[in-house]
Amino acid sequence: LWFQIIIKVDLEREMQSDELSIKQFKHDMASPLAVFKTMIGTGSAFKESEKNVMNLALARMESIISSLESTEGQSTISPYKLISEVLLEKKTEFKSKDISYKLIFSTNSMNILCHIQPTEFKRVISNILNNSIAAISDKGFIKMKGVIHNNKLIITITDNGHGISANEVSKVLDLGFSSKDSTGLGLYHAKKTVSKWRGDLRINSIFNLGTKVSLTIPISPTIMALRA
């Protein structure tokens with residue numbers, strides 16, 4: 001009897017894991033696919049800059065699909081570079097919205113390297129930006145800042161959207177929670193992923209004023225730092 005119970009529990013866990021992977025896949029694919037829909041919908045010949053954005057979005061889709069087949073290894077890479085690519089994608093995807101985007105990294109933080117998974121990091125940034133964009137109903141701004149503090153890179157993403165009510169702020173990082181019609185995987189995935197890199201993700205929000213998401217990621221030591 002106990003053996004049968006153990007088998008049943010293991011099967012249920014495996015099924016839940018598969019279902020979660022499928023939901024995550026659908027969630028992550030929605031954004032890059034929307035880029036193509038928007039650009040194709042213009043009905044005009046593609047400019048060189050548009051082709052570059054399409055190639056970036058296509059590469060991200062391929063990376064997402066590949067990540068389902070195998071575990072992506074960590075790389076020592078520039079978060080600023082990855083954020084710039086995702087931001088370019090979002091500007092194209094949501095060009096019909098009146099949103100001002102600002103990417104402000106201090107000079108030293110632009111060149112900082114972190115030991116992260118590139119595709120997963122792009123997912124995290126994409127999910128956070130999607131939430132910010134969705135929270136802005138009319139005209140607004142999204143500001144992304146990067147600074148170094150205590151040998152860690154602190155990235156903040158601030159918007160002036162509708163914000164999150166006080167009783168929901170503590171729930172937004174829970175699996176399945178969503179204040180809108182979505183899977184509720186975005187921020188849960190972001191928190192879980194950043195934790196794998198020994199980092200942290202926090203949210204501060206004021207209803208009808210805006211939201212700030214803060215990511216803290218350890219900086220990878222460089223050869224120069226080791227010589228110091």
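- Phe141 and Tyr101 end up in different hydrophobic clusters when Ile, Leu, Val, Met, Phe, Trp and Tyr side chains are linked at under 4.5 Å.
- With values rounded to the nearest 0.5 angstrom, Glu93 atom CD is found 6.0 Å from Asn130 atom CG.
- For the pair Ile142 and Ser100, the minimum side-chain heavy-atom distance is 4.5 Å or more.
- Using a 4.5 Å heavy-atom cutoff, the side chains of Arg202 and Val213 are not in contact.
- Put simply, Ile136 and Leu103 are part of the same group of oily side chains (I, L, V, M, F, W, Y) that touch within less than 4.5 Å, one to the next.
- A continuous path of ILVMFWY side-chain contacts below 4.5 Å connects Met110 to Ile116, so both sit in one hydrophobic cluster.
- For Ser106, the side-chain hydrogen bond (donor to acceptor under 3.5 Å, both in side chains) test picks out Asn108, Ser109, with sequence neighbours left out.
- Residues Asn111 and Ser78 are not in side-chain contact: their nearest non-hydrogen atoms beyond the backbone lie 4.5 Å or more apart.
- With values rounded to the nearest 0.5 angstrom, Ile83 atom CD1 is found 8.0 Å from Leu215 atom CG.
- In this structure, CG in Asn151 is found 8.0 Å from CD1 in Ile112, a value given to the nearest 0.5 Å.
- Both Leu201 and Val169 sit in one connected hydrophobic cluster of ILVMFWY residues. Membership requires side-chain heavy atoms under 4.5 Å apart, directly or through other members.
- With Met144 as reference, Ile125 is the one residue of Ile125, Asp159, Thr158, Val86 to meet the side-chain contact (heavy atoms from CB on, under 4.5 Å) rule.
- For Thr76 and His115, the side-chain atoms include at least one donor-acceptor pair closer than 3.5 Å.
- At a threshold of 4.5 Å between non-hydrogen side-chain atoms, the residues Lys145 and Lys102 do not count as touching.
- Gln117 and Trp197 form a side-chain donor-acceptor contact under 3.5 Å, judged by distance and modelled atom types alone.
- A pairwise comparison of heavy atoms in Asn160 and Gly140 identifies OD1-CA, 3.2 Å as the closest pair.
- The shortest heavy-atom contact between Pro218 and Arg198 is CG-O, 3.4 Å.
- A distance of 5.5 Å separates CD1 of Ile217 from SG of Cys114, quoted to the nearest 0.5 Å.
- Residue-environment remark: CD1 (Ile104) exceeds the threshold of 12 foreign heavy atoms within 6.0 Å.
- Taking 4.5 Å as the limit, some side-chain heavy atom of Phe105 sits within range of a side-chain heavy atom of Ile155.
- Looking at Ser205, its side chain does come within 3.5 Å of a backbone N or O of Gly210 through a donor-acceptor pair.
- In this structure, the separation between NZ on Lys90 and CD1 on Ile99 is 11.0 Å, given to the nearest 0.5 Å.
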TODO: Might you work through the side-chain contact (heavy atoms from CB on, under 4.5 Å) test for Leu187 and Ile203, ending with a clear yes or no?
DONE: CA-CA 10 Å; Leu187 290 175; Ile203 297 177; 3.7 Å; yes
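- Using a 4.0 Å cut-off between a side-chain N of Lys or Arg and a carboxylate O of Asp or Glu, Lys97 and Asp138 do not qualify as a salt bridge.
- Inter-residue side-chain proximity for Ile154 and Ile148 is flagged as unmet; no heavy-atom pair is nearer than 4.5 Å.
- Atom NZ of Lys196 has more than 12 heavy atoms from other residues, nucleotides or ligands within 6.0 Å.
- In this structure, Lys191 and Asp200 approach most closely via the heavy-atom pair NZ-OD1, 2.9 Å.
- No continuous path of hydrophobic side-chain contacts links Val147 to Ile219 [ILVMFWY only; heavy atoms under 4.5 Å].
- Distance check: Ile128 CD1 to Arg123 CZ gives 14.0 Å after rounding to the nearest 0.5 Å.
- In terms of heavy-atom proximity, Gly73 sits nearest to Pro118 at O-CD, 4.2 Å.
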